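Because the structure is a prediction, the values reported are computed rather than measured. In what follows, every heavy atom counts, from backbone to side chain, and hydrogens, waters and symmetry copies are set aside. The sequence lines fix the lettering, A, B, ..., with proteins before strands; numbering per chain opens at 1.
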2 protein chains.
Amino acid sequence: MTTSTLVPVFAALGDETRWSILAALGEGDASASALAGSLPVTRQAIAKHLAVLQEAGLVESLRVGRELRYRVLGAQLSETARRLESIGNEWDRRLSAIKRIAEGL
Amino acid sequence: MTTSTLVPVFAALGDETRWSILAALGEGDASASALAGSLPVTRQAIAKHLAVLQEAGLVESLRVGRELRYRVLGAQLSETARRLESIGNEWDRRLSAIKRIAEGL
DNA sequence: ATGTGCTGCAACCATATAGTTGCATCACAT
DNA sequence: ATGTGATGCAACTATATGGTTGCAGCACAT
């Protein structure tokens, strides 16, 4: 299971550039250098972002000869979504409970 | 519908203190001052966090006499979760497609 | 052997963020 | 009328973050 801490995942997803990187990786695995070709930031900046994403468990890296390719882990996104969903439902449930009480049912 | 921009929502959720605030609000609506009583930061810090959360559409505020109470909007969490889920599935789908191709099916 | 291209590390800069203190102000109750 | 408790605003500090440049090192192909 991919039970990473939730907060770093959200923090990682809270940056536009990282979404650009994820989107670019959606086209297929790519190295930091390759990504630097299609994004308006330097390779080093991308490397830092990839480190953050990897730390959050959102991408994995694989060596291919002298290059380091990155791949998106969609499962981690789904997992995070499920956990967020249940939290959201929890709050909704609580609110409905309060509403029912308020309405005297 | 609560179609807020996705990134600010994640950014808002990418902070421990804000989760503490959300958790505290789960106990019931509360003002910044009230929250400051149960959290280890000052009222002003909490007020800033609440502004971020409100900007992201995660909480709403309601005036009650001289105090400003905040309430969690669970629906926004669920909405965000759904959008994240579909993105995650999208990536999974793509990966399975690649796998099928690689396996010659 | 050597040049090219990719990674890795370090220093550096600017801005954003999380937090603080201090003070003015406004509403409510006595 | 006045005190108390809440919000609102501003200034300030420290650290984190997103970004840069520069350089060293390593792997691959010719």
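Here D:dT20 presents its C1' atom at 16 Å from CG of A:L39, a figure rounded to the nearest Å. Between A:R18 atom CZ and D:dT17 atom C1' there is a gap of 9 Å when expressed in whole angstrom units. C:dA27 atom C1' lies 6 Å from atom CZ of B:R66, rounded to whole Å. Counting to the nearest Å, the C1' atom of C:dA24 and the CD atom of B:Q44 are 13 Å from each other. Distance, B:Y70 OH to D:dA6 P: 15 Å, rounded to whole Å. Between B:D15 atom CG and D:dT15 atom P the separation is 17 Å, expressed in whole Å. In this entry the distance linking CG of A:L50 with P of D:dG18 reads 13 Å, nearest Å. Per the geometry, CD belonging to A:E55 stands 15 Å off C1' belonging to D:dA16, to the nearest Å.
Heavy atoms of other residues, nucleotides or ligands lying less than 6.0 angstrom from CD of B:E16 number 12 at most.
Under 4.0 angstrom from either OP1 or OP2 of C:dA18 there lies no side-chain N or O belonging to B:T17. The phosphate of C:dG19 (OP1 or OP2) has a side-chain N or O of B:H49 nearer than 4.0 angstrom. When the side-chain nitrogen and oxygen atoms of A:T42 are compared with OP1 and OP2 of D:dT20, one or more of them lie within a distance under 4.0 Å.
Map B:R43 and B:K48 each onto its nearest nucleotide of DNA chain C; the residue landing nearer the 5' end is B:K48. If B:E67 and A:V52 are placed on DNA chain D by their nearest nucleotide, the residue sitting closer to the 5' end is B:E67.
Side chain of B:A45, nearest nucleotide from C:dT7, C:dC28, C:dG19: C:dG19. Of all nucleotides listed (C:dT7, C:dT20, C:dA27), C:dT20 comes nearest to the side chain of B:V41. Comparing C:dG19, C:dT7, D:dA6 by their closest approach to the side chain of A:S31 singles out C:dT7.
Counting any heavy atom pair closer than 4.0 Å across all strands shown, B:A32 reaches sugar-phosphate atoms only and no base atom. Note on B:R69: nothing from the nucleic acid sits closer than 4.0 angstrom, heavy atoms only.
In the hydrophobic cluster analysis, where Ile, Leu, Val, Met, Phe, Trp and Tyr join through side-chain heavy atoms closer than 4.5 angstrom, A:V52 is grouped apart from A:V72.
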Q) Could you walk me through whether A:Q76 and A:T80 pass the side-chain hydrogen bond (donor to acceptor under 3.5 Å, both in side chains) check? A) CA-CA 6 Å; A:Q76 177 65 54; A:T80 303; 3.2 Å; yes
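Rounding to the nearest 0.5 Å places CD of A:E67 at 10.0 Å from CG of A:D29.
Nearest approach of A:A12 to A:L58, heavy atoms of both residues: CB-CD1, 3.9 Å.
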